[in-house]
Colleague: 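I have a structure here, written as structure tokens, and I will follow up with some questions on it.
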Amino acid sequence: MIKRPVIIDCDTGTDDAIALIAALYSPELDIRAFTTVVGNVALKYTSRNTLNLVRHLGFDTKVAVGAPKPVLREEIIYSGNKTHGDTGLGSLVLPETDKPFYEKTAVETIYEEAVTCGGELELIPIGPLTNIALAVMAHPDLKEMIKQIVFMGGAKYGGNITTTSEFNIWADPEAARIVFASGIPLTMVGLDVTRKAALSSQDTAEIRAMGTKDAVIVADILDFMLDRHAKGGEDALMHDALTVGVCINPSLVKMTKYYVDCECSGKYTSGHTMVAATKLFRNEPNCFVAEELDLTAFKAWIKGAIANSAKKPRFL
Ligand code: BDR
Ligand code: CA
């Protein structure tokens, strides 16, 4: 099998961590690097969580540190972190690795890999789009070198931070606008679809029974999420893992190509992804938008990927 070179840009995060594990055990992917960004929690936590997780599972994939704040805005204002816990991984505590981060920044790592991969590199951002926008601005030739970007963020309808806005896009709307205007082929896996990608206690039991260190970590995170849900918080929604799954196998969702832009200035709508689902809008479609989920196929994919951890040496 020819592996597809990808970079996963993440703000690890509970559901990000599960996405990373599923990606690490997906034989279709050649993960060239993980790049980290401020998002669910501060950059120091998203970066340590990513490095500690990847090294704890025995992978030597590069982890490059990215942006500590959005492109233009000074900071992301959190109103407490009930979704991911104070340091991002819920109740999971990973051993601190003494291995270093990659010496280059996220932006320079993306550019370096884009050059190395000769037009084949795909990006999977599962946090705010800050690093991607900064890379596009720093390297005007990058646009021609990225095969596609499949990102978690936005929604055709609704939001989870405000009525209109999803977290990843709300956190850095200017970055999203730069990415939408970049001309790079885009697929948006938005909240209205990822909200349907929930795992249950039965799914958690099946994953735990796989028995590998990796599967147990996933199950522990899922238990935290299910407990969170029981207390009135978000369900065990696999926003980010679904995005990795869609990159590997687009048929997990139904998609339509639309013109999409991001609202940056609205007093109540900042971070809204405007999906022009009307022919009256004249701009050319620039982004595939996921609209419906095949939940059965998604669950089969994610469990299959995690089950691959039992055959780890084949993928290392
Ligand atoms: C997105 O925000 C984060 O909470 C999740 O990791 C996901 O990337 C969902 O809005
Ligand atoms: Ca995320």
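Nothing fancy with the numbering, it's 1 onward along the sequence. Counting starts at 1 for both ligands and their atoms, following the listed order.
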Colleague: Quick one: pull up CZ in F298 and CE in M238 and give me the separation to the nearest 0.5 Å.
Modeller: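 Rounded to the nearest 0.5 Å, the CZ-CE separation comes out at 6.5 Å.
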Colleague: Taking atom 8 (O) of ligand 1 as the point of reference, which of N40, D15, D240, I161 owns the nearest heavy atom?
Modeller: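 Considering heavy atoms of N40, D15, D240, I161, the nearest to atom 8 (O) of ligand 1 sits in D240.
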Colleague: Just wondering, is there an N, O or S atom on D16 that's nearer than 3.0 Å to the Ca ion (ligand 2)?
Modeller: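 Within the cut-off used here (under 3.0 Å), D16 does place an N, O or S atom near the Ca ion (ligand 2).
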Colleague: Under a 4.0 angstrom heavy-atom cut-off, which atoms of ligand 1 come close to D16?
Modeller: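 That gives atoms 6 (O) of ligand 1.
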Colleague: I need the single residue from V218, N308, D203 that forms a side-chain contact (heavy atoms from CB on, under 4.5 Å) with K303. Which is it?
Modeller: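 When V218, N308, D203 are each tested with K303, the side-chain contact (heavy atoms from CB on, under 4.5 Å) holds only for D203.
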Colleague: Does I126 reach ligand 1 with a nitrogen or oxygen that is under 3.5 Å from one of the ligand's nitrogen or oxygen atoms?
Modeller: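 In this structure, I126 places an N or O atom under 3.5 Å from an N or O of ligand 1.
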Colleague: We want to know whether T35 and D9 form a side-chain donor-acceptor pair, criterion being a heavy-atom distance below 3.5 angstrom.
Modeller: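 Judged by distance alone, the side chains do pair up.
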Colleague: Could you list which atoms of ligand 1 come closer than 4.0 Å to a heavy atom of N168?
Modeller: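 With N168 as reference, the close atoms of ligand 1 come out as 1 (C), 2 (O), 7 (C), 8 (O).
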Colleague: Short check: any N/O/S atom of I126 below 3.0 Å from the Ca ion (ligand 2)?
Modeller: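 Coordinating: yes.
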Colleague: Can you tell me how far the CE atom of M225 sits from the CD atom of E234, to the nearest 0.5 Å?
Modeller: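 If I round to the nearest 0.5 Å, the distance is 7.0 Å.
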Colleague: Any N or O on E166 sitting closer than 3.5 Å to an N or O of ligand 1?
Modeller: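 Right, the criterion is met.
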Colleague: Is H84 close enough to touch ligand 1? Criterion: a residue heavy atom under 4.0 Å from a ligand atom.
Modeller: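 Yes.
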Colleague: Ring centroid separation for Y25 and F59, is it under 6.0 angstrom?
Modeller: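 Yes; F59 has its ring centre under 6.0 Å from that of Y25.
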Colleague: Side chains of Y268 and E263 only: does a donor on one sit below 3.5 Å from an acceptor on the other?
Modeller: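 Distance-only check fails for Y268 and E263.
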Colleague: Of all N/O/S atoms in D240, which lies nearest to the Ca ion (ligand 2)?
Modeller: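 Sorting the N, O and S atoms of D240 by distance to the Ca ion (ligand 2) puts OD2 first.
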Colleague: Are side-chain N/O atoms of Y102 and E112 paired as donor and acceptor at under 3.5 Å?
Modeller: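 On atom types as modelled, these side chains qualify, holding a pair under 3.5 Å.
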Colleague: For ligand 1, note which part of N160 has a heavy atom under 4.0 Å away: side chain, backbone, both or neither.
Modeller: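 Just the side chain.
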Colleague: Just give me the atom name: the N, O or S atom of D11 closest to the Ca ion (ligand 2).
Modeller: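 Distance check against the Ca ion (ligand 2) picks out OD1 in D11.
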Colleague: Is a side-chain donor-acceptor pair under 3.5 Å present for Y45 with N40?
Modeller: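 No, no side-chain donor-acceptor contact under 3.5 Å.
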